Amino acid sequence: MSRFSSPQDPLFRAFNASVAYDYRLAPYDLEQSGAHARMLERAGVLSGEELAEIEHGLAAIRAEIDSDEFIVQPGDEDIHMAIERRLTELIGPVGGKLHTARSRNDQVATDMAMFVRAHSLSAAELAHELMATLLDIAERHSDWPMPGYTHLQRAQPVYLAHHLLAHFWRLRRDRARFAEVMAAASELPLGSGALAGVTFDTDREGMARDLAFARVAENSIDAVSNRDFVLDYLSAAATCATHLSQLGGEVVVWSSEEFGFCSLPDSFASGSSIMPQKKNPDAAELLRAKAPRIVGHLAALHGVLHGLPLAYNKDLQEDKEHLFDAVDTLELSLQAARALVRGLEFRRDRMAAAAADEFLGATDVADLLVRRGVPFREAHGIVGSLVRTAADSGRALSELDREEIARLAPQLGDAGLADAISGDGFIDSKVSRGGTALPRVREQLSEARQALSEAAP
Ligand code: ARG
């Protein structure tokens, strides 16, 4: 007997079912079921013997899942029902006691929190590994000058290490964000029932300890409908993937013939089906293009949750594919980014030649005028006229003649211009904290080493 007089329409069944994708929650579902069963035994709902049977059945299902032998039946709507069905097949009607004092609503929220927690940890660890790789490369190229860019126009010279560390610090913030996601996912929904709590005095604190949650959720209505931690994961993942897209975008540009700043590892590039000379930066391009996909998942889940009345609504089932695809995309992207940058070979000559462009010292010339009492705005205009005169006649700043300099910038005196732009002067002049002068870069490298050794979340 049941509430229903006719079987489910196959089309409804297909539309309603989530087991094809929530299957991957199985390990978490089994773990929480164990904790729930132990709680039921402590509460006197299950006997010691019944608990042992249930634990035995759960372990058998775990083995079937691990060896890919678990068979989903057509009537299994989701992984929770599939596991309960299998448990009853294996151990008989006592399997049906497991659902006492639990609803799929608090059950699925708990699985999702456990999943998010596990994958926030993986993302943090993978970000950490990429940081370590970037730092190794930065250390090996600490004094390689290159142009720094704004608007992709040469701006001021920097050291390659300085540039690579910019990516390092972004990833460190990503790692910290994933640690916050873990904290957001550490309130236990289990024990909230369908929405209102349950009629048994369930030891929720005990279950929280058993499942390594920091605390229990305070409000059962909130607990079954809360997916903030999924939004938080997607948001952290979207930001992290956006960082990887920026890294990828740079590798695309840098590895081009036009820039020639680096060459790609053969193992991480592909050829063209028609042009034999091509070596394409596919991995870098894909890093660039994967990020909006994760951003899309974040936007989609905001859409799912928007205006949703409390508490559980089936809409919430639509959290999963967005999360799962984001997890798979991000974890693969972080690993690919690491393999890609590890194999890059930088070309010192090409970078140094581009960095030696004297126009990159224009700010330093203006700063010299400032030191001689010229207001910065005025100095900016004076140096601008020097640059224009040189550029218009196809010359470098050092090729301007004495008369031209005396006419346009008398404050510079005889040797001023040459001093400001000679040698590596205009790269090592950036002595401010966080700047590109070599001692500052070395300081930053050791800060980065320190940051990396701090316990990952
Ligand atoms: N598959 C469902 C989900 O992912 C599980 C919860 C179902 N609860 C319910 N009341 N229908 O959200």
Side-chain angles (χ1 to χ4, degrees), residues 2-4 7-33 35-36 61 65 70 72-88 95-96 98-119 185 187-199 207 211 217 219-234 297-298 300-328:
S2 86
R3 164 81 174 72
F4 298 93
Q8 284 183 344
D9 184 315
L11 180 58
F12 171 74
R13 196 172 270 193
F15 192 52
N16 193 38
S18 55
V19 69
Y21 48 85
D22 65 18
Y23 186 86
R24 62 193 289 180
L25 293 176
Y28 306 99
D29 207 67
L30 290 165
E31 198 184 331
Q32 75 148 290
S33 288
H36 182 68
I61 296 173
I65 300 266
F70 185 89
V72 173
Q73 300 294 349
D76 295 338
E77 180 184 316
D78 56 27
I79 188 61
H80 322 292
M81 293 175 88
I83 288 176
E84 193 180 325
R85 189 241 334 127
R86 184 66 184 138
L87 185 66
T88 309
L98 178 61
H99 212 54
T100 313
R102 184 171 68 164
S103 153
R104 276 187 296 154
N105 298 353
D106 57 346
Q107 186 175 357
V108 73
T110 302
D111 285 356
M112 288 295 278
M114 292 168 80
F115 182 92
V116 162
R117 201 173 46 171
H119 286 280
E187 282 184 4
L188 182 73
L190 195 59
S192 300
L195 81 161
V198 295
T199 53
M207 286 194 291
L211 293 171
N219 179 306
S220 59
I221 299 175
D222 177 39
V224 296
S225 53
N226 174 23
R227 295 294 182 277
D228 292 3
F229 50 86
V230 184
L231 287 175
D232 290 346
Y233 176 90
L234 291 174
H297 290 313
L298 171 63
L301 186 59
H302 273 291
V304 168
L305 297 173
H306 171 86
L308 212 57
L310 296 174
Y312 181 84
N313 298 269
K314 196 60 179 261
D315 310 50
L316 291 175
Q317 182 166 286
E318 283 294 310
D319 59 354
K320 287 175 196 62
E321 287 175 287
H322 295 300
L323 175 65
F324 296 163
D325 185 72
V327 162
D328 293 340

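As the structure is a prediction and not an experimental result, all values here were calculated from the model. Basis for what follows: all heavy atoms, side chains included, without hydrogens, waters or symmetry-related copies. All ligand and atom numbering here is 1-based and tracks the order in the structure.
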*What part of K320, side chain, backbone, both or neither, has a heavy atom within less than 4.0 angstrom of ligand 1?*
side chain

*Do the numbers put R24 on top of the ring of F324, so that NZ or CZ is under 6.0 Å from the six-membered ring centre and no more than 45° off the axis?*
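Yes, cation above the ring, under 6.0 Å and within 45°.
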
*Measure the distance from atom 11 (N) of ligand 1 to every protein heavy atom, then report the residue, atom name and distance (to 0.1 Å) of the closest one.*
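Checking every protein heavy atom, the shortest distance to atom 11 (N) of ligand 1 gives R104 NH2, 3.5 Å.
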
_Counting non-hydrogen protein atoms only, what is the nearest one to atom 3 (C) of ligand 1? Give residue, atom name and distance._
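The closest one turns out to be Y312 OH, 3.2 Å.
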
*Residues E84, R104: salt bridge by 4.0 Å N-O rule*: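 No salt bridge links E84 with R104.
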
_Option nearest atom 9 (C) of ligand 1 (shortest heavy-atom distance, choices N105, V19, D106)_ = N105

*Taking D78 for the side chain and S18 for the main chain, is one N or O donor matched with an acceptor at less than 3.5 Å?*
no

*Donor-acceptor pair, side chain of D22 and main chain of L25, under 3.5 angstrom*: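 Not a single qualifying donor-acceptor pair exists.
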
Check each atom of ligand 1 against the heavy atoms of [X] and keep those under 4.0 Å away; list them by number with element.
X: D78; answer: 1 (N), 2 (C), 5 (C)
X: S18; answer: 1 (N)
X: Q317; answer: 1 (N), 2 (C), 3 (C), 4 (O), 12 (O)

*What closest approach, in Å, do R13 and G75 show between heavy atoms, and which atom pair accounts for it?*
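So the two residues come closest at NH1-CA, 4.2 Å.
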
*Looking only at heavy atoms, what is the nearest atom pair of L211 and R117, with distance?*
O-NH2, 3.1 Å

